[in-house]
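Working notes, beginning with the structure itself.
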Amino acid sequence: MIDTIAALSTAQGPGAIGILRVSGSAALPIALAVLHKNGSSLTEEFILNQKRTAIFCDFVDAEKPLDQIVFFYFPSPNSYTGEDLAEFHLHGNPILLKRALQILFDKGARPAQKGEFTKRAYLNGKINLSGAEAIGRLIEARSRYELELAQKNVFGEITKLSSKIRSDLISLKAECEAEIDFSTEDLTFESLEERKNRMISLKNLCTKLIKDSERADTLILQSTVVLFGEPNTGKSSLMNLLIGKDRSIISDVPGTTRDYIAEELSLDGIPIRLVDTAGIRETSDNIEQMGIERSKREADSANVKLLLIDVSLPFDKSSFLQKHKERLHGAILVANKIDEKHKDWNRNQLEELQNEFKLDITEISCKTKIGISHLLELLKTKLTSNDNSEDVVLLEDRQRFHIQKIESNLSEAIRLMEDNAPAEIYIQEINSSLKEIGEVNGHVDNEEILGRIFSKFCVGK
């Protein structure tokens, strides 16, 4: 008999409601031991007559009421885990929930491990492995984009794609086996060219899935936004303004920032790594030179570059190009100190550069906060310009590994066909591919792999 597990399934900390979840063969007996209504214990008949229905009752400890709760009972197999499952909806006081959970342990449950509820759902055939991984990603999503991709997988995107790949592989295998078994019969099979083209098409689908997933991973990871430019253009002031605290030292003395400073923040759900860099200038100070070189490397690897210029000073376009031409392409040019702008400043001077280097130009003042909201909108647009979840799919590392193996197997099968190898040889690559696609959604026997997948979940899931 599989033991019965219990855990808090809502977030830690105070809240309006806290849900304790119990799953296993002893879920109903444990519930009967702690639930009263109108001063009397609930009966098994009463609960079974109201299965999957909210029951308002009392949670008791040694006949003493602990809380008024709402209780749900989901008998096997019609539950999240596929086992008998009980949910106790208490008031969300952490002390109260901890006491109630301990009582459930005292009555026969044991503490659930991370992801154990979802693991049992998988083992009992309620969800496939891709669905389980999608639930974990959905819970942990750190941005709107990642959430949308996880939602697609929760609703079966990976399952549909892997089912298509499996169906195409089975069709290829059947055609090969028919040719092998009935090669002496007067039957018509598809041409080798047609079969090879089908393999190429399927291989290209796998290649696209891998590339799209890698692109999705890049967009999910923190986007690096680098502030760079000459000393005293306001990089540190803008850094402090965007993160809402004094993180960078502000000084009129050039070379104050000797190395880059990085902070993490969220812009409307987009995780950002914001980097303030050393001012770019000629210097004989070895330490400052090292900081400037690091700053250039950060700018070169950034997802978005914010190049600040001080418009309170005369603007020399040729000098500006000489210093920054290498890093201008695709940058946002931030004209700072617009509240103190020089009499000769005119953003029209940059129109030619704007077209040549695909620049976005905005004017701001860190002192008065003029233009900051427009800068944030520009930044958000830059960060989400490729943020289209419609045409990409997110693969977990395990899933990508199996798709890559299929891509490799099909490449080898195509090579063998082109070398005029018999079907008995290249069908082995198709068989290997079928095994790999089975691992994406199908049953995995390796307990270590399952443990690694579900250990990423929270305890109550």
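Values below: all heavy atoms of this structure, side chains included; hydrogens, waters and symmetry mates excluded.
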Fill in: Sub-4.5 Å side-chain heavy-atom contact between Ile135 and Ile127
yes
Worksheet item: So which heavy atom on Ala6 is nearest to which on Val22, and how close?
Response: CB-CG2, 3.8 Å
Fill in: Closest approach of Gly18 to Thr10 (non-hydrogen atoms, all atoms of both residues)
CA-OG1, 3.3 Å
Worksheet item: Are there more than 12 heavy atoms of other residues, nucleotides or ligands under 6.0 Å from atom CD of Gln12?
Response: no
Worksheet item: Measuring from Leu379:CG to Leu267:CG, what's the distance to the nearest 0.5 Å?
Response: 5.5 Å
Discussion item. Quick one about Asn336 and Thr233 (side-chain donor to acceptor, distance below 3.5 Å, no hydrogens or angles considered), yes or no?
Written reply: no
Worksheet entry | Asp310 and Lys337: CA distance, side-chain angles, deciding distance, salt bridge (Lys or Arg N to Asp or Glu O under 4.0 Å) verdict | CA-CA 6 Å; Asp310 180 357; Lys337 306 184 185 180; 3.2 Å; yes
Worksheet entry | Residues Val440, Ile165; criterion side-chain contact (heavy atoms from CB on, under 4.5 Å); working and verdict | CA-CA 11 Å; Val440 174; Ile165 292 172; over 6 Å; no
Discussion item. For Ile403 and Ile437: C-alpha separation, side-chain torsions, deciding distance, then whether side-chain contact (heavy atoms from CB on, under 4.5 Å) applies.
Written reply: CA-CA 7 Å; Ile403 299 296; Ile437 200 62; 4.1 Å; yes
Practice prompt. State whether the number of non-hydrogen atoms from other residues, nucleotides or ligands found under 6.0 Å of Lys317 atom NZ is greater than 12.
Written response: yes
Fill in: Set of residues satisfying ring pair (Phe, Tyr, Trp, His ring centres under 6.0 Å) with respect to Phe71, sequence neighbours excluded
Phe88
Practice prompt. Heavy atoms only: give me the nearest Val154-Ala134 pair and the separation to one decimal.
Written response: N-CB, 3.5 Å
Fill in: Ser411 and Lys203, any side-chain heavy atoms less than 4.5 Å apart
yes
Practice prompt. Determine yes or no for a side-chain-to-main-chain donor-acceptor pair under 3.5 angstrom, with Asp58 supplying the side chain and Val60 the backbone.
Written response: no
Discussion item. Could you report the tightest heavy-atom contact between Lys126 and Pro77, atom names first, then the distance?
Written reply: NZ-O, 2.8 Å
Discussion item. Within a 6.0 Å radius of atom CZ on Phe105, are there more than 12 heavy atoms belonging to other residues, nucleotides or ligands?
Written reply: yes
Worksheet item: Do any N or O atoms from the side chain of Asn124 and from the backbone of Thr81 form a donor-acceptor pair under 3.5 angstrom?
Response: yes
Worksheet entry | Inter-residue atom distance Asp67.CG - Phe59.CZ, 0.5 Å rounding | 9.0 Å
Worksheet item: Who passes ring pair (Phe, Tyr, Trp, His ring centres under 6.0 Å) against Phe72, sequence neighbours left out?
Response: His89
Fill in: Charged N-O contact under 4.0 Å between Lys380 and Asp360
no
Worksheet item: Do the charged groups of Glu429 and Arg415 touch, with an N to O distance under 4.0 Å?
Response: no
Worksheet item: If you measure from CG on Leu66 to CG on Leu96, what distance do you get to the nearest 0.5 Å?
Response: 5.0 Å
Discussion item. For a side-chain contact (heavy atoms from CB on, under 4.5 Å) check, start with the C-alpha distance between Asp276 and Asn240, then their side-chain angles and the critical distance, and finish with the verdict.
Written reply: CA-CA 9 Å; Asp276 179 17; Asn240 292 342; over 6 Å; no
Worksheet item: Say you draw a straight line from CD of Glu157 to OG1 of Thr159; how long is it, rounded to the nearest 0.5 Å?
Response: 9.5 Å
Fill in: Contacts of type salt bridge (Lys or Arg N to Asp or Glu O under 4.0 Å), residue Arg400, not counting sequence neighbours
Asp217, Asp397
Worksheet item: Should we count CD1 of Ile200 as having more than 12 external heavy atoms under 6.0 Å?
Response: yes
Fill in: Lys164: partners by salt bridge (Lys or Arg N to Asp or Glu O under 4.0 Å), with sequence neighbours left out
Asp168
Item to complete: May I ask you to decide whether Lys367 forms a salt bridge with Glu340, counting only side-chain N to carboxylate O separations under 4.0 Å?
Response: yes
Worksheet item: Taking the side chain as C-beta and beyond, is there a heavy-atom pair between Leu307 and Phe228 under 4.5 Å?
Response: yes
Fill in: Close aromatic pair by centroid cut-off 6.0 Å: Phe315 and Phe320
yes
Discussion item. Between Ser167 and Ser163 (side chain of the first, backbone of the second, donor and acceptor by atom type, cut-off under 3.5 Å), is there such a pair?
Written reply: no
Worksheet entry | Test item: Val311 and His342 side chains (from C-beta on) under 4.5 Å apart, heavy atoms | no
Item to complete: Kindly indicate whether the side chain of Asn153, heavy atoms from C-beta on, has any atom under 4.5 Å from the side chain of Glu133.
Response: no
Practice prompt. Might you point out which heavy atoms bring Asn128 and Tyr122 nearest each other, and give the distance in Å?
Written response: C-CD1, 3.9 Å
Worksheet item: Say you draw a straight line from CG of Leu359 to CG of Leu353; how long is it, rounded to the nearest 0.5 Å?
Response: 6.5 Å
Worksheet item: Counting only heavy atoms not in Lys37, do more than 12 sit closer than 6.0 Å to its NZ atom?
Response: yes
Worksheet item: To the nearest 0.5 Å, how far apart are CG in Leu147 and CD in Gln151?
Response: 4.0 Å
Worksheet entry | Residues Glu116 and Lys119 bridged, charged N to O under 4.0 Å | no
Worksheet entry | Non-neighbouring partners of Asp339 that pass salt bridge (Lys or Arg N to Asp or Glu O under 4.0 Å), sequence neighbours left out | none
Fill in: Partner residues of Glu87 under the salt bridge (Lys or Arg N to Asp or Glu O under 4.0 Å) criterion, sequence neighbours left out
Arg21
Worksheet item: Do Leu350 and Phe357 have side-chain heavy atoms sitting under 4.5 Å apart?
Response: no
Discussion item. Looking at Arg347 and Ile361, would you say the former's side chain and the latter's main chain have a donor-acceptor pair under 3.5 Å?
Written reply: yes
Practice prompt. Dump the intermediate steps for side-chain contact (heavy atoms from CB on, under 4.5 Å) on Lys51 and Asn78, then the final yes or no.
Written response: CA-CA 10 Å; Lys51 54 184 177 288; Asn78 299 315; over 6 Å; no
Practice prompt. Measure across Leu227 and Lys235 and return the closest heavy-atom pair with its distance rounded to 0.1 Å.
Written response: CD1-O, 3.4 Å
Worksheet entry | Contact check, side chains of Lys382 and Val225, non-hydrogen atoms, under 4.5 Å | no
Discussion item. Any donor-acceptor pair under 3.5 Å linking the side-chain atoms of Tyr73 with those of Ser79?
Written reply: no
Worksheet item: Ser312 side chain to Lys341 main-chain N or O, any donor-acceptor pair under 3.5 Å?
Response: no
Worksheet item: So, do Tyr80 and Thr118 sit near enough that their side-chain heavy atoms are less than 4.5 Å apart?
Response: yes
